[in-house]
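The block underneath contains the structure these notes are about, expressed in structure tokens.
Whatever order the structure lists ligands and atoms in, that order sets their numbers, starting from 1. On a predicted model such as this, the values are computed, not experimentally measured, just so you know.
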Amino acid sequence: MPTREQDRILVTGAAGQIGTELVLALRERFPAGNVVAMYRSTPLAPEVAAGGPSAVSDVTDAKGYAQVVAEHDIDTVYHLAAILSVGGEQDPKKCWEVNVGGLLTVLEVAHERQQRLFCPSSIAVFGPNTPAVAPQETPLHPTTMYGVTKVAGEILCDYWFQRYGVDVRGVRYPGLISWKAPPGGGTTDYAIAIFHAALRDGSYECFVSPATRLPMMYMDDAIRGTLGLMNAPFKALNHHADFNLGAMSFKASDLADAIAQRVPGFTCSYAPDARQAIANSWPDAVDDSAARDEWGWSPRFGLEEMVDDMLENLRHGLGTE
Ligand code: NAD
Ligand code: SER
């Protein structure tokens, strides 16, 4: 069942890269007072804080989370609170506690209160043995703790659907590129930092090699895909929380070249660090035919369109237009 006008919506991780934009998008589509932005320690963006209700809670605190949900009488949850790939390698145990322990709490409450749930996965579920274009169905053997938690999360979501009938949906987002909120400590963050450095310094030292190719997506497409999946008729879905979602695939040097064409004098150098090994373990691109067939997914932004839009928005923000 699609989200109804009167439904009350909770977004966890609402101070994050995706949460910031998802809350704003939901408040455009539904009554702003019905969209609750939940965050932990990172403060909400000012427009998110000012535009509707918010709550402070930690998803590893089951009691506190259940209280927030009860207090706001929540019908639908977009569960975005997580530790990403780089943070996960720094503290694997915490990554498990937040990404799997937190999800368990959210799933249990969703079952008790018959909520609808969106829980994203990631290209990090794939590993070094995944084909270059990751199929929808393929053995999942990630080599990062973040990837391990995302595989576990997909399986938990499927279990809650099969055992309890919870309407839980999710996509394997590629690396997401955006300008409204900073990224939260992932391997694909280079593809955002490069824009800021290009406009600020005219140069960037990239932490992955020029030949590193990864699946990527502009945030506008990610938000549209998220809302599109949540709006799809449940009966049309054969998959639930593990849809591959594709948009573009480029090498780090392709991105640097596209920026150099638009920022005169921009240069990019390369100094791969520990994040290179993480990037090497992920595929180049994904086969998203299941998302296209089951709920009509189709991206709008390729590399050129994304670079134009990023630069326009960042220049506008810097007052250099
Ligand atoms: P982010 O790091 O920008 O935001 C996550 C937020 O969760 C942060 O504000 C953080 O403070 C909060 N958080 C962390 N631990 C918490 C806890 N215990 N309790 C409550 N809040 C907590 O991440 P994002 O990029 O917005 O990602 C959101 C979701 O999308 C995650 O599940 C992530 O794995 C997934 N994803 C993101 C990308 C990407 O490129 N951004 C790609 C694939 C998947
Ligand atoms: N963008 C995320 C990361 O790099 C992928 O899930 O961690």
Side chain, backbone, both or neither: which applies to [X] and ligand 1 if a contact is any heavy-atom pair less than 4.0 Å apart?
{"X": "K150", "answer": "side chain"}
{"X": "N99", "answer": "neither"}
{"X": "S41", "answer": "neither"}

| message | So for ligand 2, is Y146 a polar contact partner (N or O within less than 3.5 Å, distance only)? | response |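 N/O-N/O distance under 3.5 Å: yes.
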| task | Using distance alone, determine whether W282 and ligand 2 share an N or O pair under 3.5 Å. | result | no
Distance to 0.1 Å, residue and atom name: give those for the protein heavy atom nearest to [atom].
{"atom": "atom 4 (O) of ligand 2", "value": "T187 N, 2.6 Å"}
{"atom": "atom 9 (O) of ligand 1", "value": "G16 N, 3.5 Å"}
{"atom": "atom 2 (C) of ligand 2", "value": "T188 OG1, 3.9 Å"}
{"atom": "atom 18 (N) of ligand 1", "value": "D58 OD1, 2.8 Å"}
{"atom": "atom 21 (N) of ligand 1", "value": "A81 CB, 3.4 Å"}

Looking only at distances, can you tell me whether any N or O atom of [X], backbone or side chain, sits closer than 3.5 Å to an N or O atom of ligand 1?
{"X": "S122", "result": "no"}
{"X": "L176", "result": "yes"}
{"X": "T60", "result": "no"}

| Ring centre gap for Y190 and Y270 strictly below 6.0 Å | no
| Closest candidate by heavy atom, reference atom 42 (C) of ligand 1, pool C95, P174, G101, P215 |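 It is P174 that holds the nearest heavy atom.
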Whether [X] lies under 4.0 Å from ligand 1, heavy atom:
{"X": "Y39", "value": "no"}
{"X": "V98", "value": "yes"}
{"X": "G102", "value": "no"}
{"X": "S57", "value": "yes"}

| task | Might you confirm whether atom CD of E47 has over 12 heavy atoms from other residues, nucleotides or ligands at distances under 6.0 Å? | result | yes
| request: For Y173 and ligand 2, answer yes if some heavy atom of the residue is under 4.0 Å from a ligand atom, otherwise no. | output: no
